[in-house]
**Student:** 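Below is a structure I'd like to ask you about.
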2 protein chains.
Amino acid sequence: MVTIYDIANKLKLSTATVSRALNGHDDVKTSTKNRILETAKEMGYLPNSMARSLTTKKSWNIGLLFSDDQNSGFKHIFFANVINEIIDSAAKRGYDVSIISGNIGMRKTSYLEHARYRMLDGIIIATIDTRQEDVQNLIKSDLPVALIDQNFSESICVNSKNIKGIKSLVNHLYDKGYRKITYITGQLDNYVSKDRKKAFLDITKSLNISNLCSTVEGVFTDSKLAYELTKDIMSKENRPEAIMYPDDTAAIGGLKYLLENGYSIPNDVAICGYDGVEISQLVTPRLTTIKQDIHKLGSSVTYLLIDEIEGKKPSRKTWVDVELLVGETT
Amino acid sequence: MVTIYDIANKLKLSTATVSRALNGHDDVKTSTKNRILETAKEMGYLPNSMARSLTTKKSWNIGLLFSDDQNSGFKHIFFANVINEIIDSAAKRGYDVSIISGNIGMRKTSYLEHARYRMLDGIIIATIDTRQEDVQNLIKSDLPVALIDQNFSESICVNSKNIKGIKSLVNHLYDKGYRKITYITGQLDNYVSKDRKKAFLDITKSLNISNLCSTVEGVFTDSKLAYELTKDIMSKENRPEAIMYPDDTAAIGGLKYLLENGYSIPNDVAICGYDGVEISQLVTPRLTTIKQDIHKLGSSVTYLLIDEIEGKKPSRKTWVDVELLVGETT
DNA sequence: CTGTTAGCGCGTTCAG
DNA sequence: CTGAACGCGCTAACAG
């Protein structure tokens, strides 16, 4: 391993000068700077992040928290896409991304401890369940933290325009003549679900159809549950004319039930997804859904976090726009 | 930040003793060991990975290489699932996972340099395109490396039983009476695609139907291309009775074309996917496909790499079994 | 513009 | 069983 000592030695300089040159300080004579840079290249010198971080207290490493024991972010294609953006964006600003788990070595520890252990410069939280004490502690800590689709007053939060999304869907359904709408929400212990549900109640009220509409609690990405709930809903006396699902995967689960049982879509019943992932436009019939701006969600949360890390005091709240995708199911 | 120095100071011991106790060496008196462990806990001591790695030359960190500029692993739901397993498995053995990109800070570097910079203990390569010089250098280096679905003689490779998978599909089609089969392969610059294509040619030959069968080069997860290729294939004079796709996503793209154009499946034409991801069983009709053992693929590649890191000389080649999933499309 | 010195937090000789 | 001393590779004062 080539160190700055080696190249200092070769050039009869001190490590200090070498370090300065390598870090682009301007208090080094241009000629010696060039000599240093050159021989560094020749000798195949590479900095050692451990040594550097140890003195600078900065790791150029961002932690990514995306799953708990129950729920695995990567299995959800929507989150997988967001995570992809996060990694890309971080790389563009010179940061690496590490996944943080709830243990150091073989020992169970908190996320916060883990973050300190690895000297992470900041954390992106892309988990659904932020109620865990462990996650709460992370948020409350003095570590820079940024979250997606959450609501914590002091932290950086990047939110999709959930209210707009739901209202667009309901308005679209209304315009198409649907009045009896059932909305299967995500799990209601969750901020986004609550927000969307409230939006649904608000918009149906202002359209004067709230007495015809209803909500049922479901679970994000749980296609099996969506299948069962659809069965329940459709076997009732008073069937809805349209069903809204918590996301595309759930909608496809519902769609499966409807197709299997000979329902004509959207004639017998209309359905909507949410997220607008690729598959939503690939199934037949193509889903009407809300397309989230995955690129923007991922890049914003990352850039804002890095701004915070670098002391640029970015805005705490950001809303990312959504778009109605009209398919063949409404 | 509490350091071993702080706790040594408080207990009137030397840092050496504290270090030994903390690392579970047995050359410390049990009573003092306990005192140390206790006060360490009290004071909220946490080791510093940077300092530790600097002396031990071990980071307890595994690099994950899963994308190049063209192709993003996380966008592929199959890989997303594998990666999920990798992270879980690594955590169980006490390792963290870092994503490695092709730059350090703002400077473009090789993956190998990046790995050395971060002192990674090993690398898991889950990219399709291993032809890049950069990736080649990584494989040739003395860093422990493990790959999924690749074939490098000296490296640890975990492969899915691709030949068995293809043969199962063709045999299944044959048993159902299909003789004219077209196989849309993945991109043929890739090891897996070649392997599967060869398996297809072999099995159709031994079934004496090779003159009725054909292959077309496609691209993994490219549903749009699959859509177009399906159109081409179906518009020819001599239509196949069955089409096999490189993976489920592509198959769903093909399915879309067929459904849109009024083909009855499997009566007019049968289709098969590959991978067996969740969505393959959710679309209507349910895909006949090969289910890969994602859990095993991810955990094996991780455990084998860690064995290698820890000097346990694990076997270089591992094959993970696959399972035929008969759906409604054949 | 450059060198000397010190220290980041930890593990590991080598004595005792 | 315990301590003193050193070094991992690098950056940051402080001189000069």
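Just so it is clear: chains get the letters A, B, ... in the order the sequence lines come, proteins before strands, and each one is counted from 1. What you see below is based on every heavy atom in this structure, not just the backbone, and it leaves out hydrogens, waters and symmetry mates.
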**Student:** In whole Å, I'd like the distance from the CG atom of N34(A) to the P atom of dT2(C).
**Tutor:**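 Result: 11 Å.
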
**Student:** Roughly how many Å is it from CZ in R20(B) to P in dA4(D), rounded to a whole number?
**Tutor:**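 About 11 Å, once rounded to whole Å.
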
**Student:** Within the structure, does a side-chain N or O atom of T55(A) lie under 4.0 Å from either OP1 or OP2 of dC10(D)?
**Tutor:**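 Answer is no, no contact under 4.0 Å.
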
**Student:** Do S110(A) side-chain atoms and E113(A) backbone N/O form a donor-acceptor pair below 3.5 Å?
**Tutor:** yes

**Student:** How is N48(A) classified with respect to the nucleic acid when contacts are heavy atoms under 4.0 Å: base, sugar-phosphate, or nothing?
**Tutor:** sugar-phosphate

**Student:** Looking across every strand, which nucleic acid part, if any, lies under 4.0 Å from S19(B) by heavy atom: base, sugar-phosphate, or nothing?
**Tutor:**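 The residue S19(B) makes base contact.
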
**Student:** Grab the CD1-C1' distance between I7(B) and dG3(D) for me, whole Å please.
**Tutor:**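 In whole Å, dG3(D) C1' lies 15 Å from I7(B) CD1.
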
**Student:** Ignoring backbone atoms, establish whether T32(A) has a side-chain N or O less than 4.0 Å from OP1 or OP2 of dC1(C).
**Tutor:** no

**Student:** Do E133(B) and K140(B) sit within salt-bridge range, that is, some charged N less than 4.0 Å from a carboxylate O?
**Tutor:** no

**Student:** For dG9(D) and T3(A) - does any side-chain N or O of the residue sit under 4.0 Å from the phosphate oxygens OP1/OP2?
**Tutor:** no

**Student:** Using a cut-off of less than 4.0 Å, is there contact between a side-chain N or O of R52(A) and OP1 or OP2 of dG9(D)?
**Tutor:** no

**Student:** NA contact type, M50(A), heavy-atom cut-off 4.0 Å: base, sugar-phosphate, or nothing?
**Tutor:** nothing

**Student:** Could you tell me whether R316(A) and D307(A) have a side-chain N and a carboxylate O separated by less than 4.0 Å?
**Tutor:** no

**Student:** Round to a whole Å and report the spacing from OH of Y45(B) to P of dC10(C).
**Tutor:** 4 Å

**Student:** Without decimals, in angstroms, what is the distance between K57(A) NZ and dG7(C) C1'?
**Tutor:**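 Rounded to the whole Å, the gap is 10 Å.
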
**Student:** Under a 4.0 Å threshold between the charged nitrogen and the carboxylate oxygen, would K296(B) count as salt-bridged to E85(B)?
**Tutor:**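 K296(B) and E85(B): not salt-bridged.
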
**Student:** Is K12(A) touching bases, backbone alone, or none of the nucleic acid, heavy atoms closer than 4.0 Å?
**Tutor:** sugar-phosphate

